[in-house]
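This chain uses plain numbering: 1 for the first residue, then up along the sequence. Scope of the values below: all heavy atoms of this structure, side chains included, with no hydrogens, waters or symmetry mates.
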Amino acid sequence: TGSFDAKVKRGTSSKVVNTAIANSLLPSILKTFRDRYPQVELELRSLTIEEMMQGLRDASVDVGFEHLPNPYAEDVNLNFLPIMQESFVVALPEHHPLAAQSHVSLQALKQEPLILPPLDAVPSYAVVLSQFEQMGCKPIVLDTVKATWMVINLSLVAAGAGISILPDNVQTLQRQGVVYRELADISLSRQIAIVWRRADLHALSNPCSTDSMLLRQFLTVVQEIAQGSVSSTAKPVL
């Protein structure tokens with residue numbers, strides 16, 4: 001899934017957004033922020049989690065969005081604020097036998113070849129693998145296929161290379177040869193958090209004179225959009 005970075009200029013500030021939020025809350029966040037602060041220029045970039053964290057450390061990135069859990073969530077130099085929760089769906093080749101069902105259980109997938117992003121690129125996929133472990137089985141993850149980006153994942157599914165378990169915002173992407181089915185008998189989800197340097201803004205609830213005003217303005221817009229969202233692909237957790 002990767003991450004997506006944006007640079008903001010007026011004083012310079014940057015944003016990092018992963019593809020999950022790009023398919024859900026991002027358009028509303030950007031529109032609201034631009035309407036309120038038209039003099040601020042946003043520069044958006046796509047980054048891996050490692051690149052995003054390095055950018056936060058060297059101040060080339062000012063704020064980002066990333067899944068939880070991840071290996072950096074306990075970094076004392078960063079603030080992670082959960083803003084939304086996303087569920088998962090099954091992506092199947094359109095002629096797969098399971099495509100005839102409206103809901104697909106994980107039990108039905110235990111003998112199916114799975115196309116999943118590698119954990120070193122998307123650590124939050126551990127929540128998916130743990131569900132198989134709780135069933136007492138090990139999923140058949142295709143080691144020869146390491147699709148980090150959602151569109152590549154879908155192309156592989158359409159080609160019949162396997163099936164995938166993807167965030168439900170993937171349903172906004174209509175890919176010929178792929179159908180989506182809800183998961184049965186399980187509530188599988190992960191959080192998305194906004195992340196920034198504590199040195200720039202220690203806590204939203206306790207403003208201080210050294211805070212970055214642009215960062216505070218952006219975080220306020222993100223909170224408002226997350227709290228006001230009624231989209232099925234963006235469940236606020238604020």
Check your understanding: Considering only heavy atoms from C-beta outward, does the side chain of Y180 approach that of V90 to under 4.5 Å?
Key -> no
Practice item. For residues V195 and M52, determine if any side-chain heavy atom of one lies less than 4.5 Å from a side-chain heavy atom of the other. Key: yes
Practice item. For residues V157 and L92, report the shortest heavy-atom separation together with the two atoms involved. Key: CG1-C, 3.5 Å
Check your understanding: Can you tell me if R197 uses its side chain to pair, donor with acceptor, with the backbone of V61 under 3.5 Å?
Key -> yes
Check your understanding: Between the main-chain N or O of L201 and the side-chain N or O of W196, is there a donor-acceptor pair closer than 3.5 Å?
Key -> yes
Check your understanding: Do Y37 and Q217 come within less than 4.5 Å of each other through their side chains, counting heavy atoms only?
Key -> yes
Check your understanding: Minimum heavy-atom separation for G160 to P93, with atom names?
Key -> CA-CG, 4.2 Å
Exercise for review: State, with a plain yes or no, whether a side-chain heavy atom of V63 is found less than 4.5 Å away from one of I194.
Suggested key: yes
Study note, to complete from the structure: In short, salt bridge (charged side-chain N to carboxylate O under 4.0 Å, His left out) pairs touching residues 104-113 with sequence neighbours left out are none
Check your understanding: Which atom pair, heavy atoms only, marks the closest approach of D62 to D200?
Key -> OD1-OD2, 4.3 Å
Review point. After noting the C-alpha distance and the side-chain angles of I83 and Q191, does the key distance pass the side-chain contact (heavy atoms from CB on, under 4.5 Å) rule?
Key: CA-CA 7 Å; I83 59 167; Q191 290 184 326; over 6 Å; no
Practice item. Assess whether side chain to side chain donor-acceptor pair (under 3.5 Å) is satisfied between R198 and N77, documenting all intermediate values. Key: CA-CA 6 Å; R198 289 179 183 243; N77 298 308; over 6 Å; no
Check your understanding: Going through the checks in order, is the side-chain contact (heavy atoms from CB on, under 4.5 Å) test met by E182 and V104?
Key -> CA-CA 6 Å; E182 292 186 29; V104 176; over 6 Å; no
Check your understanding: Donor-acceptor pair, S164 side chain versus I115 backbone, under 3.5 Å?
Key -> yes
**Study point:** Basic-acidic side-chain contact under 4.0 Å: R175, E94
**Key:** no
Check your understanding: What's the spacing between L219 CG and L81 CG if we round to 0.5 Å?
Key -> 8.0 Å
Practice item. Output yes when a side-chain donor or acceptor of D75 lies under 3.5 Å from a complementary backbone atom of Y72, and no otherwise. Key: no
Review point. Looking only at atom types and distance, does a side-chain atom of D211 sit under 3.5 Å from a main-chain N or O of M213, one as donor and one as acceptor?
Key: no
Review point. Does Q134 CD have over 12 foreign heavy atoms under 6.0 Å away?
Key: yes
Review point. Does R216 reach the main-chain N or O of L204 with its side chain, forming a donor-acceptor pair under 3.5 Å?
Key: yes
Review point. Judged by atom type as modelled, is there a donor-acceptor pair below 3.5 Å linking the side chain of S60 to the main-chain atoms of L56?
Key: no
Review point. Which distance, rounded to the nearest 0.5 Å, do you find between the CZ of R190 and the CG of N70?
Key: 11.0 Å
Point to revise | Rounded distance (nearest 0.5 Å) linking atom OG of S24 with atom CE of M84 | key: 3.5 Å
Exercise for review: Return yes if some donor-acceptor pair links the side-chain N/O of R181 with the main-chain N/O of A99 below 3.5 Å, else return no.
Suggested key: yes
Review point. Is there a donor-acceptor pair closer than 3.5 Å between any side-chain N or O of E51 and the backbone N or O of T48?
Key: yes
Practice item. Could you tell me which non-hydrogen atom of L166 sits nearest to which non-hydrogen atom of V170, and how far apart they are? Key: CD1-CG2, 3.9 Å
Exercise for review: Could you tell me the separation between the CE atom of M135 and the CD atom of Q107, rounded to the nearest 0.5 Å?
Suggested key: 5.0 Å
Check your understanding: Heavy-atom distance under 4.5 Å between the side chains of V141 and L129, does that happen here?
Key -> yes
Practice item. Apply side-chain contact (heavy atoms from CB on, under 4.5 Å) to the pair Y125 and V128, showing each step before the final yes or no. Key: CA-CA 5 Å; Y125 255 80; V128 175; 3.8 Å; yes
Point to revise | Shortest non-hydrogen separation from E86 to D168 and the atoms involved | key: CB-OD1, 4.3 Å
Exercise for review: Given salt bridge (Lys or Arg N to Asp or Glu O under 4.0 Å), test R36 with E224 step by step and report yes or no.
Suggested key: CA-CA 13 Å; R36 291 186 190 177; E224 290 177 7; 2.4 Å; yes
Practice item. Work out which heavy atom in A203 is nearest to a heavy atom in N79; give both atom names and the distance. Key: N-ND2, 4.2 Å
Exercise for review: Would you give the length of the straight line joining atom CD of Q174 to atom CG of L154, rounded to the nearest 0.5 angstrom?
Suggested key: 10.0 Å
Check your understanding: Between I140 and L114, is any pair of side-chain heavy atoms under 4.5 Å apart?
Key -> no
Practice item. For residues N169 and M150, determine if any side-chain heavy atom of one lies less than 4.5 Å from a side-chain heavy atom of the other. Key: yes
Point to revise | From CA spacing to verdict: side-chain contact (heavy atoms from CB on, under 4.5 Å), I29, F218 | key: CA-CA 9 Å; I29 290 170; F218 187 80; 3.9 Å; yes
Point to revise | Aromatic ring proximity F65/F80, centre distance under 6.0 Å | key: no
Review point. Quick one: are H103 and L183 in side-chain contact, heavy atoms under 4.5 Å?
Key: no
